Each structure stands twice: as C-alpha cells, then as structure tokens.
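Computed from a predicted structure; not experimentally measured. Convention: sequence-line order gives letters A, B, ...; per-chain numbering from 1.
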4 protein chains.
Amino acid sequence: MQITPDLQPELGLSVTEAARRAQILSATIATIADLGYRKTSFARIKERAGLSSTRIIGYHFGNKAGLMQAVVTTALDIKQKFALELADGTTDRATMLRAMIESEVRFLRDYPECVQVLREVAANADDPEGWSVSGPLLEGFRIGQFERILRQGQQEGAFGEFQPDVVARTIAHAIDGAAAAFTADPSLDLDRYGRELADLFERTTAPRS
Amino acid sequence: MQITPDLQPELGLSVTEAARRAQILSATIATIADLGYRKTSFARIKERAGLSSTRIIGYHFGNKAGLMQAVVTTALDIKQKFALELADGTTDRATMLRAMIESEVRFLRDYPECVQVLREVAANADDPEGWSVSGPLLEGFRIGQFERILRQGQQEGAFGEFQPDVVARTIAHAIDGAAAAFTADPSLDLDRYGRELADLFERTTAPRS
Amino acid sequence: MQITPDLQPELGLSVTEAARRAQILSATIATIADLGYRKTSFARIKERAGLSSTRIIGYHFGNKAGLMQAVVTTALDIKQKFALELADGTTDRATMLRAMIESEVRFLRDYPECVQVLREVAANADDPEGWSVSGPLLEGFRIGQFERILRQGQQEGAFGEFQPDVVARTIAHAIDGAAAAFTADPSLDLDRYGRELADLFERTTAPRS
Amino acid sequence: MQITPDLQPELGLSVTEAARRAQILSATIATIADLGYRKTSFARIKERAGLSSTRIIGYHFGNKAGLMQAVVTTALDIKQKFALELADGTTDRATMLRAMIESEVRFLRDYPECVQVLREVAANADDPEGWSVSGPLLEGFRIGQFERILRQGQQEGAFGEFQPDVVARTIAHAIDGAAAAFTADPSLDLDRYGRELADLFERTTAPRS
DNA sequence: TATGAATGAGAGTTCATTCAT
DNA sequence: AATGAATGAACTCTCATTCAT
C-alpha cells in the first residue's frame, strides 16, 4: 500500500507545489521503509521519485531536516486519522486498553511503512539541530497515552495493582515487538498477534479476584 | 564502568596484538555507547583510543564489519559470563523465568554500555556483506531462550495458556523498554523496574486457577 | 539609521516599481553592512526585505551585478548630497583639505552603513563582468579629489613639497583606517579622530617655514 | 617570486609529508594572491599544484580552516625573517620609525604575494569558527608595534604632540595603501613610495621647533 | 607489528540564474 | 508587475579502504 499524502496538506501552496511535495514525500517514505533511514539520501529519493535532480527536493523542503519533519508529520497524520476512524464510544477502561492495543497492531498491518518510517526517523533524529519532533518526544507521547488510561482505570477499580509507568512502557515496546516480528516475517498473522497482546495485558492489569 | 575485553580473546595472537585489539575494542564500545553506531567512525575511535592513525584499526580487524563482529562477540561474552555467575540451580519454570528477566535487567544496570552497544549494532547490522552475527539472528537467539522456557513450562503445567512466541518476543522487547527508559533517565531504579517486569509476566503466564 | 533610497532614482519607473526597488536596495545595504558582502546572498536579502521569493530581486535588477551597481549608485548619491550640504565657500586650499577630511569622517559617523557598504562592494568588485563602477575606479575617484587639491595648493604655495599622489592615497586610506577603527569599536570618538587626522595631514602638507 | 615554505616547518613530519604540505601551501598562496580568497577553492588549488584529487588537501591540513591557518603562519614566518634580516641596531625612535615603514614597503616589494595573502585571509577570516589568527587580531598586532614606538618616542621627546593610536593606525593603513597602489600598478616605484611615506610621517611626528 | 600516504565515492548545502506563465 | 518552479554548478566534508613500505 502506497502512502499518498494529501495534496493540500498546508494552506498557501499551489496545486503543483503540493503535488510535487506529495510525490517527493511518498518516495521518501517508501525509501525509508525499504532501505532504512541511513541509506536514504537525496539521490536515492530522486531515483525512486523519478526526479531529474536532487536539487528539487531541497527546493521544496529547504533541508533534509525539513523533509524529515514533513515525513513525520505526514505519517503522524495518517495514524491519527486511522485511530479516529476506529474509535468507538466505549468508556470502559479495560475495553479501551484492548482497543488501543489492537488498533495499534491493526495500523501496523494496514500501514506498515508508516510504522517503519516513524521508528526509523525517531531512532535517527539526533543528526541535525532543528528538529521539532524528536525521538524521545515521540516515544513519550505514545507511552503517555497508555499511562493515562492505566492510571484512570486503577482509580476506578477497573485494574489491579501495578506500576503504570512500567506497564505503559512495556505495552509500547510490545507493539514495537510486533512491528519487528512483522518486518522479519511479513506473513505473520497480525490479528492473532494483536489479540494475544491484548489478552496478555488484560491478564496483567486485571484486578485481583 | 569501562569495558575491558579479555586480552586473549582468540588463540594464536601475540600479547601485544591482543592488547591492541582490546584497546581498540574498548574504545569502540565506549564510542558506540556514547554517540551511537551512526556517529561511530574509525576517526572517532582513533581519537578516543589515542591512536595515531585509523589505519591500525583496519589492520587489526580487517574491516568495519570485522570490528563490529568483534564488538558483538565481546559484549556477548561479557553477558554470558554475567548470566553464568547468577545462575542458580532452580528447575521451577516460573522461578526460572523471573530469574531470567531480573538477570537481564540487572545486567543492564551493571553493564549499560554493553546493552546499548548490542542494541545499536543489532539495529544497524544491515550495512555490510559479511556478518556472521546479524541483527535478526541476535534477536532470535534472545527470544528463543524465553520461548523455550515458556513452552516447557506450559507442558509441565507451570504456566497457563498463551502463545509462547508472542509472549517471548514481548518479554524481550519489554527489557529493551527498560534499557530505553534507563538511557532516557539514568537515575531510574532498575531493581524496581525488574521486579515489576517479573511480576507483570508472572501474572501473564500464571495458570488459570 | 536606515538608508532609504529615493523613490524616483531613475526616470521612467512607475511608483510601485520604484518603491520595490527602494525596499530591496535598503535591505541589501543593511545586509551588506551587517554581514559583509560575502554572506550577502539573494536569499539573505529576501529574508530581510520580507519578500516571498528571491526571484523578484532578479526581476528588478536583472542581475547580482545590477543590484550591486544600484547599491553603489545609491550610496554614492547619499554621500554626494551629504558633501554638498557641508560645503562652504572657502577657497583656501589648506582649509579645504581639512574640511574634506573632516567631512569624510563625519559622513562615516552619520552614515556608517554607507561607508561600510562602499568598502565591501569595492573590495569584492572583481566578480562579475559587467560593472560600470568597478572597485579601482571608485578608489581612483576618491583619491583624485584629494590629489587635485594638493596639486593646486602646491602651485599656489599653500602647501610644501611632497608627492601629491602618495599623500592623496595615504589620506584616503587613513580615512579607511578610521572606518576600520569605528567598526571595531563603535564607541570611538570620531570627531576627535577626524580632527587628529586633519591635524596630521596639515603638518604633513604645511609649507617649509 | 614563488613562495617556498620550509620543508620542515613543524617537527614530527616525515620528509614526504613536509614536501607535500609545502607544495600545497605554495599553490594555495599563489592562488590566493592571484584570484583572491573568494575564488580560492580546493579544486583551484588542486589544479595549480597538479594534484590528482582535492581530497589530499584535506588529508594534510584536515580542514579549510587548517589550511588557511597554515598559510597565515607561513606568511607571517616569512615576514618575520625578512624583518630580522633588515633590523639594524638603531635606538633612535625617529630612525626606527622610518626603518619600520620602509621595511614594510620593501617587504611588499619583495614578497607581494605574501602581503596580498595576509590581507585577503585577514579580510575573510570570519567564515569558520576555529581560527586562531583572526583578522582584527592580526591588524591589532601590527598597529600595536607602531603605537609602542610612537609612545616611547613621545616620552623621550623625540616626537611632538599627537595621538599615538590615531597615527599608528594611519601608518598601518598608509602601508595598505601602498599595497593597493602596487596591486593596481605593478610598475610602481615602491622605493620612492616608501621614502615618501617615511618623510610624510617624519613631518607629522616631528617635535615642534 | 605497524604506519604513512593517498584515494574514490557520496552526501548535503548554497548560490545565482532561467523558463515559464 | 510579478511570481512559481526548477536547475546546474560548485563547494567542503566525512567515510572506509588500498597501496606501499
């Protein structure tokens, strides 16, 4: 599944410019997902996008940092939209936790390049100076989401006793584990994996009977 | 704590050569732990080791791949010795699992650079042609250990029902999570973290009552 | 003090065009005075002038050479007006020389960016092909003024014996010295400096008693 | 006259390395003197020195900054040796001042590229970060020499009343004027120019009779 | 056992300019 | 009167590696 960023991601861009940006962005994401961040150079992106010169990338994004910034923004955008579509009205904490875990894994199934790219860029976000979306920040955001739910659930008595920060971080890394497994073996049944993961953390967080 | 590889890691080396190798290896590990794999170049290693030329690195290890190979071997060696010292004679699967998890976290506490280096190298091991210890292989080894215990425990009735591969992978990544948390905040109480992790997976793997 | 070029520097320009030219010119002069000629690029000028694209610069001035040409013309214009305002009706050569030197230094005090810009552009005027006001030419013009006075004064017996070309050139560079000193230390008392310089060359040019 | 740096400028260099360094240095100085600092690139130096690749320059000097550092050091070295050879035992301040001025101009006559290079590099020494010999520093050093003599002479009554800082700076820039004149017209009689300059400042600094 | 010297490939950036509309 | 889009050239730098001795 190819990532096709919206043609009008930001206001004030002409149609052609937005199209070019989308074209380059798409090629960049594909390249990172394919070869990893390290081997992703302007030259490689140029080839994949069928551009005549690498210069045009710098023209549209100013910088390598600017390009990566845009890549992250795009990927995060896609993820958010995906999450919104899946969101149901449950307020039961245990059900919510299960939904979040399964949603993450399903996103991995539907947009593996997105997940890959987010990981790659976050892991190598120490190169330049002016990144507004740094690796730790990204990670912290994701963990924070889980931690909040866990704490609320504990207060409401929906969960048992455990340290929310540790469990939250473990959930996040468990999902990374799913991504790693899927990368290593694309035939992996992610639905099963997601269910199993949700079960796992259900048992872990269940209140003492 | 500085990593000091054994002076006689391989047979057939003179004392001076072994010493040089150890010196370079130590500097390499320190550099990777400090700056990450990406910024670790021959030049950087040269500086830290106080060498006059980068040439000597290539001389002793032939290659960048060769150097990294040696780094991984060294780190794995240290880890294995650490594990052996801690091993007790338990045959109870649940106790063994707890011991393994806590041992991993304790290793992280005592040899953080080692863990860091193993992660960094494994994550960037797609570069070269001639690696005998590739990233996935390394990962697979670690997961395999957990998976074996889990399966045996299930057969013996010590554990409940779950998919061993998923849980095993999740444990491995949960420990990576501990490493990431420790990197982000070195004042983290790893003993607490280890205990919590062991508790977490105890609950997860416990047999249905 | 900001340089604001006249809005109608050349005939046949509409009001808006003249305004745009003035805006760009002003930004260019400020940039050169601030960062020096070398770091003054279209991009930098664009930023300071708040333009949307560098393209508009080329549109109005055709060329970098054209832009610099205009800059020099503007600066020279300002200088000439300044000199005219100060000019008194003296015909005494010694008094005229003193007046010219002090006028130059006072101009430096009142329009330091102008002087800076003239120096910077003159010093780097070997770049292009089509400059009508080249560096040496600019320098020659200034020196010529002094030299003329000196020769006339010598003929009239107002000055002693010396080689007018050498002294003229020395005066010009002495004033450059004042500029350099002022750049290095903006708190410098330029009036004192100017008087001292005038005294200096008065002694030098005085007739043998 | 070609600048040929000593073959053993610094200890610890092998003969071949010193020779290469000298070769590159010589080509660099010639290039700067010929085309100016701005147009002096590794590629241009490579051509003039007959090297196979620009890479070798970076190899020997590490950096462009390193190369320029070495250029300045070399030029300053040559100048110092020149000055030492000319130094006579006079202690009379007026004579010393004259000697210094004429020595500077004679150096310009004998090593015009050296003077040119020093000027060019000093004028463009704001590019990088790690320069130990910056432009203002270099200038300050030269002016300081003149200022010291002037002050001492005033105390001893050998000179009249004037502000030593202004006069010192003026002398330095007067010599720059000679360099500029010589660059514009290489057939210029520098000996005459130097004598005239010395006369000029003799009159300026002479005690009131 | 070690080093000095050299090198080719590739990366990201900046720059002024040109072709359209 | 102005802009959007694109581009080619040049530059410095870092990297791992190779050829000698």
Side-chain angles (χ1 to χ4, degrees), chain A residues 13-17 19-21 38-44 51-67 127-128, chain B residues 13-17 19-21 38-45 51-67 127-128, chain C residues 13-21 38-46 51-67 127-128, chain D residues 13-17 19-21 38-44 46 51-60 62-67 127-128:
Chain A
L13 300 181
S14 71
V15 186
T16 39
E17 166 146 28
R20 262 274 187 267
R21 282 178 66 101
R38 292 204 50 198
K39 295 192 175 175
T40 298
S41 66
F42 278 18
R44 218 87 69 167
L51 305 171
S52 65
S53 142
T54 69
R55 188 55 199 75
I56 197 173
I57 303 172
Y59 171 69
H60 283 285
F61 295 92
N63 231 342
K64 191 180 186 185
L67 175 61
D127 226 339
Chain B
L13 301 180
S14 77
V15 186
T16 46
E17 167 146 22
R20 261 275 188 269
R21 282 178 65 100
R38 289 205 53 197
K39 296 191 175 175
T40 298
S41 66
F42 279 21
R44 220 89 69 168
I45 296 169
L51 306 171
S52 63
S53 149
T54 67
R55 186 57 196 79
I56 197 171
I57 303 172
Y59 175 69
H60 282 286
F61 296 93
N63 226 339
K64 192 182 183 184
L67 175 61
D127 245 322
Chain C
L13 300 180
S14 76
V15 187
T16 47
E17 168 148 22
R20 262 273 188 269
R21 282 178 65 99
R38 289 204 55 198
K39 296 191 176 175
T40 298
S41 65
F42 278 22
R44 220 90 67 170
I45 295 168
K46 182 200 83 175
L51 305 171
S52 64
S53 147
T54 68
R55 187 57 197 76
I56 196 171
I57 303 173
Y59 174 69
H60 281 286
F61 297 93
N63 227 341
K64 193 184 184 183
L67 175 60
D127 244 323
Chain D
L13 301 180
S14 71
V15 186
T16 40
E17 165 146 28
R20 262 275 187 267
R21 281 178 66 100
R38 293 203 51 198
K39 295 190 174 175
T40 298
S41 66
F42 279 17
R44 220 86 72 165
K46 180 201 86 175
L51 305 171
S52 65
S53 142
T54 68
R55 189 52 200 78
I56 196 172
I57 303 171
Y59 172 68
H60 283 285
N63 232 342
K64 191 180 184 183
L67 174 60
D127 225 340

Exercise for review: Round to a whole Å and report the spacing from NZ of C/Lys46 to P of F/dG4.
Suggested key: 10 Å
Review point. Atom CZ of D/Arg21 to atom C1' of E/dG4: distance rounded to whole Å?
Key: 14 Å
Practice item. To the nearest 0.5 Å, tell me how far B/Phe61 CZ sits from B/Ile45 CD1. Key: 9.0 Å
Study note, to complete from the structure: Residue set satisfying side chain to side chain donor-acceptor pair (under 3.5 Å) with B/Arg44, at least two apart, ordered chain then number -> none
Check your understanding: Which whole number of Å gives the distance between the P atom of E/dT1 and that of F/dA20?
Key -> 23 Å
**Study point:** Under 4.0 angstrom between A/Ser52 side-chain N/O and F/dA6 OP1 or OP2
**Key:** no
Practice item. Considering just the side-chain nitrogens and oxygens of A/His60, establish if one lies under 4.0 Å of OP1 or OP2 belonging to F/dA6. Key: yes
**Study point:** Nucleotide-resolved protein contact map, nucleotides 14-21 of chain F, B/S/- at heavy-atom distance under 4.0 Å
**Key:** BBSBBB--
Review point. Given E/dG4, F/dA5, E/dG8, which nucleotide is nearest the side-chain atoms of A/Tyr59?
Key: F/dA5
Review point. Which heavy atom of D/Lys46 sits nearest a heavy atom of D/Thr54, and at what distance?
Key: CD-N, 3.7 Å
Review point. Taking both distances under 3.5 Å as the test for a Watson-Crick or G-U pair, what stems of at least three pairs does DNA chain F have?
Key: E:2-21 with F:2-21
Exercise for review: Using atom CD1 of D/Ile57 as one end and atom P of E/dT7 as the other, report the distance to the nearest whole Å.
Suggested key: 12 Å
Check your understanding: For the residue pair C/Phe42 and C/Ile57, what are the closest heavy atoms and their distance?
Key -> O-CD1, 3.7 Å
Practice item. Identify the two heavy atoms, one from C/Thr40 and one from C/Lys64, that lie closest to each other, and give their separation to 0.1 Å. Key: O-NZ, 4.0 Å
Revision key, fill the gap. Between D/Arg21 and D/His60, the two heavy atoms sitting closest are NH1-O, 3.4 Å
Review point. Closest nucleotide of DNA chain F for A/Arg20 versus for C/Ile56: which of these residues is on the 5' side?
Key: C/Ile56
